Every structure is written in structure tokens, then in C-alpha cells.
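To start, the structure itself, in C-alpha cells.
Residue numbers start from 1 in every chain, and the chains themselves are labelled A, B, ... in the order their sequence lines are given, proteins ahead of strands. This structure is a prediction, so every number in the text was calculated from the model and none was measured.
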There are 2 protein chains.
Amino acid sequence: MPVRLDSANPSTMDEDEVIGKIARMPEKSFGYLVRRCHRRFDRLLNARLATHDIKTGFWYYLRVLWIRDQVTQKYLSDMTNVAENTTVTMIEGMVNSGLVQREVDATDKRKRLVGLTPYGRSLENKLMGHAVEINRIATRGIKEEDLEVSRRVLARMSENLQQELRREGVG
Amino acid sequence: MPVRLDSANPSTMDEDEVIGKIARMPEKSFGYLVRRCHRRFDRLLNARLATHDIKTGFWYYLRVLWIRDQVTQKYLSDMTNVAENTTVTMIEGMVNSGLVQREVDATDKRKRLVGLTPYGRSLENKLMGHAVEINRIATRGIKEEDLEVSRRVLARMSENLQQELRREGVG
DNA sequence: AAAATATACTTCGATATCGAAGTATATGAA
DNA sequence: TTCATATACTTCGATATCGAAGTATATTTT
């Protein structure tokens with residue numbers, strides 16, 4: 001059967017047709033679209049942070065800590081969507097850079113609470129501006145209504161994927 | 001001035017308000033939403049590919065080569081959104097794994113054309129099914145109409161960011 | 001209370017990625 | 001034609017990331 005590359009309706013396509021379509025048209029695949037977009041967000045952010053001598057890897061943790069201070073590494077991993085062993089390394093780096101400090105939780109000695117130093121806290125105002133501006137650049141010329149739909153869709157896809165990851169015992 | 005965390009309209013928010021809002025509500029930030037979504041796509045794909053002994057790093061290149069064979073490393077970098085030096089390393093790995101081969105372009109000796117081996121080509125059917133299924137899982141329960149809006153938005157954001165990256169001389 | 005299980009963190013070795021700076025070849029300008 | 005610039009690829013050293021397996025502490029079950 002020939003593969004139609006145009007406006008075929010997914011719900012009426014059979015299996016081979018769907019595979020063919022996504023195979024030949026990455027722009028139809030959310031995996032592709034999301035990855036490409038992410039790479040570019042990340043690169044731009046990276047370039048901006050470099051001018052402040054902040055490693056991109058630290059950014060995501062700072063972002064969490066500015067909202068809630070004194071949290072476990074587990075919590076940071078969940079919020080940043082980064083594996084726990086990665087978080088260990090990153091937090092060590094942040095401690096060495098004087099951004100955060102760590103102490104064992106008195107009531108549960110398995111936990112180590114991570115807290116901002118005054119220096120870490122002081123970066124918020126300086127750095128958040130970049131995040132805001134990059135978001136503004138990215139969304140330029142797009143209707144607020146469509147942005148809102150997309151936020152919902154991205155959140156829902158994340159949920160769907162998380163559920164599947166758990167189901168398959170990944171992470 | 002107090003920051004309203006509810007349904008403020010961005011177009012009427014002043015600077016501090018926008019920063020405060022995005023700072024405290026990462027779910028409003030596309031940088032955050034896209035990254036989280038990407039991480040989960042990537043992890044799930046990774047878990048699937050591991051069962052076929054294929055490194056995730058190779059996947060994106062295979063994906064391009066299945067559509068168009070015998071292309072330059074530059075082309076591969078552009079299509080995969082990966083820096084050229086990364087592509088060098090990856091293609092070397094793929095050559096060693098017997099997935100592709102390389103030859104200098106006769107008409108332009110700067111170029112090295114990368115082409116699939118029969119083995120590399122033979123993986124397409126086996127592996128594309130995973131990509132399709134993961135997309136299906138991710139988009140479960142979302143209206144096709146909203147998906148289409150989101151595809152457009154993601155593509156447009158990628159364009160906007162690309163333009164800015166060029167403007168700032170990044171990449 | 002002892003044993004089994006779960007949770008938080010860590011260590012290890014590997015992979016994926018980049019920026020900066022370098023080499024070889026091609027193209028355009030003087 | 002020769003010099004300057006651009007393009008494609010490479011090398012190097014660093015960062016960001018993970019999976020698997022290990023340790024310490026807490027919680028649950030028997």
C-alpha cells in the first residue's frame with residue numbers, strides 16, 4: 001500500500017501507514033519536535049549563563065532552590081527531572097562553588113538537606129531575567145491561546161510518559 | 001507590589017510581575033515544560049533501545065539516514081541538532097558498530113559522506129515501531145486538534161530560538 | 001525485636017554533549 | 001594568481017548525564 005504523506009487522519013491510518021508517516025516526517029513526531037526545541041532552549045540559556053560564570057547544570061537546581069530552600073536531594077532530582085546520582089555530583093559541584101551547603105537531616109539521617117548560601121540566593125534576580133527573556137523570545141509571535149493549549153499538551157505528555165516509565169519500571 | 005499568582009494576563013503584566021510569575025511557577029515556562037517532556041521521551045526511548053543493544057546516541061543519526069542516505073556530517077549535525085564535534089565522535093562509534101560507513105566525497109574533499117551499511121538499514125523496521133509507540137503513549141488522551149496546535153507552536157518556538165542563536169552568534 | 005523491605009544517598013564506569021581551537025580543502029576578492 | 005575568507009571536519013579537555021550496584025538508615029511485617 002502506498003503511503004500518503006499529506007493530510008491523512010491518524011485515526012483512520014493502519015499501523016504500517018503510521019510508521020511510514022512518522023518515519024518519513026519527523027516534524028509529525030513529538031519526540032523529535034520536543035527534542036529540537038529543548039536543545040535550542042538549552043543552548044541559548046547556556047550561552048547566557050556562561051556570561052555569568054554559571055554552569056548550566058547548576059541552573060536547574062538553583063531554579064528549584066529559589067522557590068523552596070532546604071530540600072532533599074531526592075526532591076531536587078524529582079523537580080529537575082534528573083537522576084539521583086547525577087544530582088549527587090551536581091550538588092557537590094555547587095557546594096564547591098559556594099552556591100549551596102548541605103547538612104544531614106536531624107530527624108531522618110538518610111536525608112541531606114540542601115540549602116542556598118547567601119551567594120546562591122543573591123543570583124536569583126540577576127539570572128531569572130534571562131529565563132524570562134528566553135521564554136519571551138521563544139514565544140514571540142504566537143497567540144496566547146495557542147501557548148496555553150501547548151502548555152497543557154506538554155504537561156499531559158509528560159504525565160503520560162511518566163506513567164509509562166513507572167509502568168515499565170524505568171527510573 | 002504584590003505578585004499575583006493566578007490568572008494575570010501576560011500582556012498587561014509589568015516586568016517584575018512576569019519575572020515573579022515565571023520564577024515561582026515553572027509550569028508556565030516553556031523552557032521548563034519542554035525540558036521535562038524531552039527528558040521523559042528520551043528515557044523511555046533509551047529503555048526501549050537498550051533491549052536492542054542500540055545506544056540512544058546513535059538513534060538520532062539512524063533516524064536521519066533512514067530517510068536520506070549518503071549525507072555529510074554537517075547535514076547530520078543540522079538534522080539531529082547536535083554540534084559537529086559530537087557528530088564526529090558518534091559517527092566513529094557507529095562505524096565501529098558496523099552501522100554506517102564513511103568515504104570522502106570525490107567532488108569536495110572536505111566532505112565525508114556517511115552511508116548506512118545493510119545492517120544499519122536493516123534496523124529501521126525493527127526500531128521505528130518504538131518511536132511510533134512512544135509517540136502514541138505520549139499523546140494518549142489528547143485531542144488531535146490540540147496536538148496540531150502544539151506541533152505548530154513547538155516548530156515556531158524552535159525557529160524563534162534558532163534565529164536568536166544565530167543573532168547572538170551561538171552555534 | 002528480628003527479618004524483610006523501602007528510602008536516600010553514593011560510587012563506579014560509561015555515554016552524550018559542548019566550546020574553543022586546530023587542519024584541510026574550497027571559494028571569492030584583489 | 002594569490003591572499004582572505006568560508007566550509008567541513010577533527011582534536012582536546014570539560015560538563016552533564018545515566019544504569020547498575022553498593023551503603024546507611026528507616027519502616028513494615030512477621
By nearest-nucleotide position on DNA chain D, the 5'-leaning member of A/F58 and A/D105 is A/F58
Output, in order, the C-alpha distance, side-chain angles, deciding distance and verdict of side chain to side chain contact (heavy atoms under 4.5 Å, CB included) for A/R68 and A/V64.
CA-CA 6 Å; A/R68 182 132 98 89; A/V64 174; 5.6 Å; no
Mind checking salt bridge (Lys or Arg N to Asp or Glu O under 4.0 Å) for B/D105 and listing every partner two or more places apart, or none if nothing turns up?
none
Does the pair A/M90 and A/V82 meet the rule for a side chain to side chain contact (heavy atoms under 4.5 Å, CB included), with working shown?
CA-CA 10 Å; A/M90 288 293 150; A/V82 167; 5.8 Å; no
Axis-to-axis angle between the two ends of the helix from C/dA1-D/dT30 to C/dA30-D/dT1 (five base pairs per end, rounded to 10 degrees):
20°
Here the gap from A/K55 atom NZ to A/L62 atom CG, rounded to the nearest 0.5 Å, amounts to 12.5 Å
Between A/R102 and B/K109, whichever has its closest DNA chain C nucleotide further toward 5' is A/R102
Interface limits on DNA chain D, where chain A has a heavy atom under 4.0 Å of a nucleotide atom:
D/dT15 to D/dA26
What pairs meet the side chain to side chain donor-acceptor pair (under 3.5 Å) rule with one or both residues in residues 83-97 of chain A, with sequence neighbours excluded?
A/Y61-A/T87, A/S77-A/T87
Between A/G57 and B/L113, name the one whose nearest nucleotide on DNA chain D is closer to the 5' end.
B/L113
Are more than 12 heavy atoms from other residues, nucleotides or ligands located less than 6.0 Å from atom CD of B/E168?
yes
Would you verify whether the NZ or CZ of B/R63 falls within 45 degrees of the ring axis of A/Y32 while also being under 6.0 Å from that six-membered ring's centre?
no
State which residue, out of A/R43, A/H38, A/R40, fulfils the side chain to side chain donor-acceptor pair (under 3.5 Å) condition with B/N81.
A/R40
Hydrophobic cluster identity match, B/L113 and B/L65, side-chain contacts under 4.5 Å:
no
Proximity to DNA chain D (any heavy atom under 4.0 Å), residues of residues 73-88 of chain B only:
B/Q73, B/K74, B/E84, B/N85, B/V88
If a pair satisfies side chain to side chain donor-acceptor pair (under 3.5 Å) and one of its residues is in residues 111-124 of chain B, list it, with sequence neighbours excluded.
B/D69-B/R121
